[in-house]
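This report refers to the structure that appears directly beneath it.
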Amino acid sequence: MAAGSRAPGPRFALPVLGLLLVGFAAPLLAVIGYSFMPERTFGLWQEPTLDNYASVFSGTSYISFLWSLALASATVTVLALVCYPIAYGLARVFGRWSPLITLLFTIPLFVSENVRLYGWVLFFIKGGVLLGTLKSVFGIEIESWLFTRGIILLGMVYVYLPFMLFPMTLGVAMVPHETSEAAADLGASRWQVFREVELPLSMPGIVIGFLLTFVLAVGAIVEAKVLGGQQIIPITHDIEIAFTYAQNWPLGAALAVLLMVVVGVLVIGVLRRFDLDAVLGRR
Amino acid sequence: MSKLYSSRRGFMAQSAVWAAAFAGVGASGIRSARADRSGELNILCWEGYNSAQVLDPFRSSTGATVKAESLTNDPTMINRLRAGEINVWDLINVNNPWARRVMWPEGLIRAIDRATFEPYFNSMLPAFKPPYKWAMDDAGEVMLGMCQRFGPYSFVVNTDKVSREAAEDQGWNLWNDPANEGKYGVLESDDWNVFNICCIAGFDPFKVHSDDEVAAFGETAKHVFKGAKVVGDIATMNQALVSGEIDFHMTGGTYSASPARADGATNIRGVTPKSGPMEGGKGGISWIEVTSVVNNPDVSPRAEEFLKYVQDAEVAHTVAFAEGTFNPVAQMGNPACFGLFTAEELDAIQWDSLEEEMARSVEYDIVPDYDKLLDLMTAAKREA
């Protein structure tokens with residue numbers, strides 16, 4: 001009976017396994033394969049070489065890597081500070097208004113990221129919504145903030161906010177009221193309740209929010225292009241240039257592999273530090 | 001470049017398996033092998049040819065399912081064919097040098113019937129008098145495609161900030177004037193930016209460059225990108241020009257300025273320098289699109305039909321003013337086509353200066369050491 005019930009499982013899983021192999025593993029293997037091909041070639045069956053990696057390490061691609069990692073880290077930090085109070089409010093304070101407020105944070109996700117960012121361009125551009133209004137109503141004329149590095153961070157914080165907020169809200173909502181009340185009854189100050197009870201117990205949501213936002217943000221490209229006017233070149237843009245204008249697929253593939261490795265190492269590092277299964281109470 | 005070409009020649013053979021594994025999978029979704037393809041046509045093109053205004057009448061008259069995908073740079077489109085999509089597309093629409101210099105030698109496109117198509121060139125603008133160089137192979141024997149949209153493409157100014165005459169006189173030195181730092185933008189069109197940076201550095205882009213010129217290119221690229229207020233797409237450039245964020249931008253011309261001009265911002269103008277470092281002392285660069293039939297083993301019989309269809313006066317006018325950007329078309333040499341253009345449309349495409357701008361421009365060509373220069377430019381962008 002036991003053997004019979006096990007047999008159909010793997011059999012029925014075959015289509016999904018096949019789909020994963022073709023749709024997920026094969027493209028990934030192709031990218032890894034290309035990264036070892038001679039530069040500016042288009043075939044996969046040539047003598048492998050490490051030239052692309054050597055060229056990445058001897059060039060200035062590290063600048064793009066650093067910008068991507070720095071902006072992703074800054075986005076995560078700003079979002080953590082911005083989202084926790086909102087998440088707390090959604091889970092504990094806003095009451096019947098919470099669904100409406102959640103909806104307001106969700107609605108922008110239905111509009112394309114590009115459209116939303118171009119909306120910010122119109123807001124910040126010289127003579128646009130902000131500067132135009134300041135000038136015509138108050139007679140104040142200030143320099144445009146558009147096409148600066150700071151505005152890229154604003155764009156990323158704006159775009160990735162829901163990806164931090166919702167896991168965080170879930171994390172805060174998971175903390176039982178009774179634990180905070182018990183801590184307070186035992187004489188803990190409000191700060192102690194937050195630091196020693198609420199924050200640690202809401203860590204699963206916070207860590208998931210951190211990881212999700214970081215992984216998405218490190219692959220960001222549009223914010224630097226549209227709002228930043230390419231004042232910086234993130235690593236994803238370097239990869240795009242290699243695959244398009246440069247016709248150098250092997251270099252683009254090597255950059256992509258390195259990005260995957262860097263992000264993978266960072267994510268695994270975090271996961272090792274914060275054992276999600278343990279925090280989620282599964283063991 | 002020869003290394004590049006030799007590897008590309010070998011590419012088709014080497015990548016057959018991958019073509020079958022990846023692109024072939026996509027292709028099979030569109031059709032089955034050796035099926036009757038008269039009911040379908042797949043076009044890889046610059047924007048405009050994919051618009052409903054252009055395609056719908058063809059769809060209705062032929063009953064064919066026409067799929068068109070637009071991209072905004074030539075190398076990506078060529079790469080798509082190299083990557084195995086030769087089995088997918090029937091027509092490819094790219095700028096002038098690619099058919100003759102790259103796609104024909106690499107076997108990516110097939111010849112079209114000269115006797116059928118060359119007569120169309122007789123009614124085009126005089127510059128397209130047959131045998132038209134870019135529609136033919138190097139020997140001038142085989143016809144490789146049909147021409148339609150074209151235009152000068154050097155840089156664009158806001159004439160309220162920089163007069164047309166001053167811009168034409170100063171030419172590429174606008175980018176060498178330290179006073180202009182922070183006042184200009186750079187259109188995200190990396191292949192054309194390589195040409196422009198050569199011009200700013202004071203040498204012809206379309207030749208093999210000496211070590212000194214390559215070094216000068218690197219330095220020039222650094223100062224051009226360091227001084228750029230913004231690097232972005234056409235919409236961003238036009239918005240930045242109209243709002244006053246920038247006073248001028250490279251690369252640009254009728255193609256990029258026409259949407260703003262058609263919208264009433266006639267102070268946004270494509271400019272061709274009066275002189276420059278290119279052959280004959282020319283300072284401008286122009287482009288001419290060539291649409292070719294892909295060397296698809298099972299090409300749609302509708303491909304050549306479409307090439308004839310877009311030669312029609314009304315369709316050519318629609319192509320000139322299809323969505324996206326607005327451009328002159330070679331068919332304006334036909335009075336029936338020219339008569340369809342309103343005064344506003346002619347102004348949007350700068351018809352008043354088109355002939356002299358084209359005369360001051362050399363035609364877009366392949367840069368022999370493009371790879372080296374592009375790498376330097378990409379590094380300069382990164383470090384700016």
Side-chain angles (χ1 to χ4, degrees), chain A residues 22-23 26-27 30 33-34 37-46 55 59-67 114 117-118 121-122 124-128 131-132 143-144 146-148 224-235 237-238 240-251, chain B residues 1 3-4 6-8 10-19 21-22 25 71-79 82-84 182 185-186 188-194 225 228-233 235-237 239-240 242-246 370-371 374-375 377-384:
Chain A
V22 173
Y34 266 116
M37 292 298 109
E39 67 162 3
R40 290 190 162 92
T41 56
F42 299 89
L44 254 178
W45 311 116
Q46 298 162 82
S55 125
T60 52
S61 298
Y62 69 91
I63 299 175
S64 300
F65 270 106
L66 289 178
W67 271 119
N114 280 17
L117 291 177
Y118 276 110
V121 169
L122 295 176
F124 282 114
I125 203 166
K126 214 172 192 174
L131 300 187
E143 274 298 303
S144 160
L146 204 57
F147 312 134
T148 59
K225 277 187 169 185
V226 175
L227 290 176
Q230 298 188 24
Q231 290 301 310
I232 61 142
I233 306 291
I235 191 63
H237 193 180
D238 257 349
E240 183 185 276
I241 292 171
F243 274 102
T244 55
Y245 289 106
Q247 302 183 68
N248 197 350
W249 293 9
L251 178 68
Chain B
M1 203 67 184
K3 181 186 166 196
L4 174 63
S6 76
S7 60
R8 283 175 188 163
F11 166 72
M12 288 309 295
Q14 292 165 351
S15 65
V17 175
W18 285 100
F22 292 103
V25 168
L71 294 169
T72 51
N73 73 73
D74 297 325
T76 302
M77 285 194 250
I78 311 290
N79 277 344
R82 287 177 177 142
V186 177
E188 187 186 19
S189 185
D190 283 356
D191 40 359
W192 284 81
N193 290 334
V194 166
F225 282 102
K229 173 85 184 277
V230 51
V231 181
D233 58 19
T236 304
M237 288 302 120
Q239 212 165 36
V242 170
S243 66
E245 291 273 359
I246 56 171
Y370 172 78
D371 297 339
L374 182 74
D375 287 349
M377 194 181 81
T378 306
K381 272 170 90 171
R382 203 184 286 133
E383 293 162 28

* Those residues that, when tested against E188(B), pass side chain to side chain donor-acceptor pair (under 3.5 Å) (two or more places apart) -> K225(A), Q230(A), H237(A)

* Asked: Under the 3.5 angstrom rule, does the side chain of Q247(A) hit a backbone N or O of T76(B) as a donor-acceptor pair?
  -> no

* Structure fact -> Under 4.5 Å to a heavy atom of chain A? For A384(B) that would be backbone

* Asked: Where do A246(A) and L374(B) come nearest, in terms of heavy atoms and distance?
  -> CA-CD2, 3.1 Å

* Between Y370(B) and Y245(A), what is the shortest heavy-atom contact and its length? -> OH-O, 3.1 Å

* Asked: Tell me, side chain or backbone of T148(A) under 4.5 Å from chain B's heavy atoms, or both, or neither?
  -> neither

* Could you tell me the separation between the CZ atom of R382(B) and the OG1 atom of T60(A), rounded to the nearest 0.5 Å? => 4.0 Å

* Structure fact -> Answer key: most heavy-atom pairs under 4.5 Å with chain B among T244(A), I125(A), L122(A) is I125(A)

* To do: Heavy-atom distances under 4.5 Å only: say whether E240(A) touches chain B with side chain, backbone, both or neither.
  => side chain

* Asked: Can you tell me how far the CD1 atom of I233(A) sits from the CD atom of E383(B), to the nearest 0.5 Å?
  -> 11.0 Å

* **L251(A) CG to D371(B) CG distance, which is reported to the nearest 0.5 Å** => 11.5 Å

* **For the student: nearest non-hydrogen atoms of E245(B) and L146(A), plus distance** => OE2-CB, 4.1 Å

* Asked: What residue, out of F147(A), Y118(A), F243(A), has the most heavy-atom pairs lying under 4.5 Å from chain B?
  -> F147(A)

* Do N79(B) and W249(A) have side chains that get closer than 4.5 Å, going by heavy atoms? -> yes

* **4.5 Å side-chain heavy-atom contact, I241(A) and K381(B)** => yes

* Partners meeting salt bridge (charged side-chain N to carboxylate O under 4.0 Å, His left out) with D191(B) (sequence neighbours left out) -> none

* **Under 4.5 Å from a heavy atom of chain B, the part of D238(A) involved** => side chain

* **Heavy-atom proximity to chain A below 4.5 Å, by part of D74(B)** => neither

